> 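Below is one structure. I have some questions about it.
Just the heavy atoms: all of them, side chains too, but no hydrogens, waters or symmetry mates, feed the values below. Below, chain A is the first sequence line, B the second, and so on; all start at residue 1. None of the values given here were measured: they were computed from a predicted structure.
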Amino acid sequence: MNESTAAPVMNFASLGLAAEVLAGIRDAGFTQCTPIQSRTLPIALTGADVAGQAQTGTGKTAAFLVALYQTLLTRAPLPGHASTSIRALIVAPTRELAVQIHHDAETLGRHTGLRHAVVYGGIDYDKQRRTLEAGIDVLIGTPGRLIDYYKQHVFDLKHTQTLVLDEADRMFDLGFIADIRYLLRRLPPPQRRQSMLFSATLSYRVLELAYEHMNNPELVRIEPDKKTVAGVRQIMYYPAMEEKIPLLIGLLRQNEARRTMIFVNTKRMAERLEATLRANDFHAQALSGDVPQAKRLRFLRDFHNGDLAVLIATDVASRGLHIPEVSHVFNFDLPQDAADYVHRIGRTARAGAQGDAISFACEEYAVGLPDIEQYIGHKIPSAPITPDMLATGLTAAQPGPERRRPPRRGQTHSAQRSGAARPPSRRAGGKPRRSR
DNA sequence: AAAAAAC
């Protein structure tokens, strides 16, 4: 893999782009390229493969979208192109990110005459299908729903000219890799298409995995030793378990933060924290994979519009989402994965803005802290917790109706496979057990 | 280790 080192600062007008693409760039309000755009566009516009790493909020999405539109406008569809053929495929790891990319694509591609669609699970099955059946050039989606429609021959990938994997390192994670390989195997071979990979955290391990699906890609890394942006003020507290909630609420009250994201490590914790914050008069909603899709989209839209002050989230919201004016990001639970720390705090201080990232390291997850600090290349400054910071007189969350949870997948499978002892329907005695 | 991702 070649690694690009030149660092010219480009202007969009100097890239020789088609008028239709420039018009979209103008609509989006862009004139000067960001570093990642300056370095990847000259490569990508030749049709070459590129893997791009740059800090959160520095314009990676526009980099691949501009390249993609220019390619589609200036290169003819591949021979045999049919009405069901997709010319460009963009895959993202979460539904909300797919929606956001689609939104950006509609702006940047508005004048190209190309047809866009986004497909993702949990909503609008027949509607999305009908959109695809009408004929689409640029298809954005999450793996599951894409494969679902693909298997039903709603579209084909035989003539796809451009592939983009956004948050590429995530897409090569264990949970996604099988689906990604499924899609990649159905595209033209690497030599006959353009492949682009982007993320703020591209490890060489991931690049190695990706390499077999790419054609002599150029690697572009912007300040690879500086994983986090300068505009984020990072701070670490070391609360005891029972201090976490009083500390969080104390800080929320004193911050008068208008737009705050609070990350937790589990769906259950998202739910519990939502109940606790609401019981204490915060306008908060929890976003996780357990939340119905329509609500997920509504919470995010409300948060975006400023109608929701506090968004509690699992890592479903840690990557790619661009919400202007997020003032504070809390890691109520320290993430287990160092890259996730970078992505989470990257929800604030985007596009040159400032923001605060406040993390709690307590016994449960503090073991991951050395990894995180090594990964970002510096210690995270810590501050002592003084009694006045802890909120008092808090209301306990209403327990509410016991919510029925589907059994965890792993347990189900192993139970089935081993023909396990537990009777299928009713547990032997007593009330339903709530784990932990 | 959890989370995400199809019906």
> Between Lys151(A) and dA6(B), does any side-chain N or O lie under 4.0 Å from OP1 or OP2?
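False: Lys151(A) side-chain N/O out of range (4.0 Å or more) of dA6(B) OP1/OP2.
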> Under 4.0 Å between a side-chain N/O of Thr142(A) and OP1 or OP2 of dA6(B), yes or no?
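Yes, Thr142(A) has a side-chain N/O under 4.0 Å of OP1/OP2 on dA6(B).
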> Strictly by modelled atom types, are Gln161(A) and Arg193(A) linked by a side-chain donor-acceptor pair under 3.5 Å?
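No donor-acceptor contact under 3.5 Å links the two side chains.
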> For Asp169(A) and dA4(B), what is the distance between atoms CG and P respectively, to the nearest whole Å?
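So the two atoms are 17 Å apart, to the nearest Å.
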> In whole angstrom, give the distance that lies between atom CD of Glu364(A) and atom P of dA1(B).
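In whole Å, dA1(B) P and Glu364(A) CD are 13 Å from each other.
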> Within the structure, does a side-chain N or O atom of Thr94(A) lie under 4.0 Å from either OP1 or OP2 of dA3(B)?
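Answer no for this pair, as no side-chain N or O of Thr94(A) is under 4.0 Å from OP1 or OP2.
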> Charged N to carboxylate O below 4.0 Å: is that the case for Arg301(A) and Glu96(A)?
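No, Arg301(A) and Glu96(A) are not salt-bridged.
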> Please give, in whole Å, the distance from dA3(B) P to Asp173(A) CG?
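Spelled out: CG on Asp173(A) to P on dA3(B) is 14 Å.
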> Compare side-chain N and O positions of Arg344(A) against OP1 and OP2 of dA2(B) and report whether any pair is under 4.0 Å apart.
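Checking dA2(B) against Arg344(A), no side-chain N or O comes under 4.0 Å of OP1 or OP2.
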> Find the distance Ile123(A):CD1 to dA6(B):C1' and express it as a whole number of Å.
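Whole-Å distance recorded here is 14 Å.
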> Ile262(A) and side-chain contact (heavy atoms from CB on, under 4.5 Å): which partner among Val329(A), Leu252(A), Asn331(A), Leu311(A)?
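Checked Val329(A), Leu252(A), Asn331(A), Leu311(A) against Ile262(A); only one passes side-chain contact (heavy atoms from CB on, under 4.5 Å): Leu252(A).
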> Does a donor on one side chain sit under 3.5 Å from an acceptor on the other, for Arg129(A) and Gln152(A)?
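Gln152(A) and Arg129(A) do have a side-chain donor-acceptor pair below 3.5 Å.
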> Determine the contact category for Arg129(A): base if any of its heavy atoms lies under 4.0 Å from a base atom, sugar-phosphate if only primed atoms, P, OP1 or OP2 are that close, otherwise nothing.
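Nothing, no heavy atom under 4.0 Å.
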> Kindly say if Arg95(A) contacts the phosphate of dA5(B), meaning a side-chain N or O under 4.0 Å from OP1 or OP2.
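For dA5(B), OP1 or OP2 has a side-chain N or O of Arg95(A) closer than 4.0 Å.
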> Nearest whole Å is fine: how far is dA6(B) C1' from Leu132(A) CG?
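It works out to 14 Å between those atoms.
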> Could you check how far CG of Asp333(A) sits from P of dA1(B), rounded to whole Å?
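Roughly 16 Å, once rounded to whole Å.
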> Atom CE of Met171(A) and atom C1' of dA5(B): how far apart are they, to the nearest Å?
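Value for this atom pair: 8 Å.
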> Measure from CZ on Arg296(A) to P on dA3(B) and round the result to the nearest Å.
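My rounded result for the distance is 13 Å.
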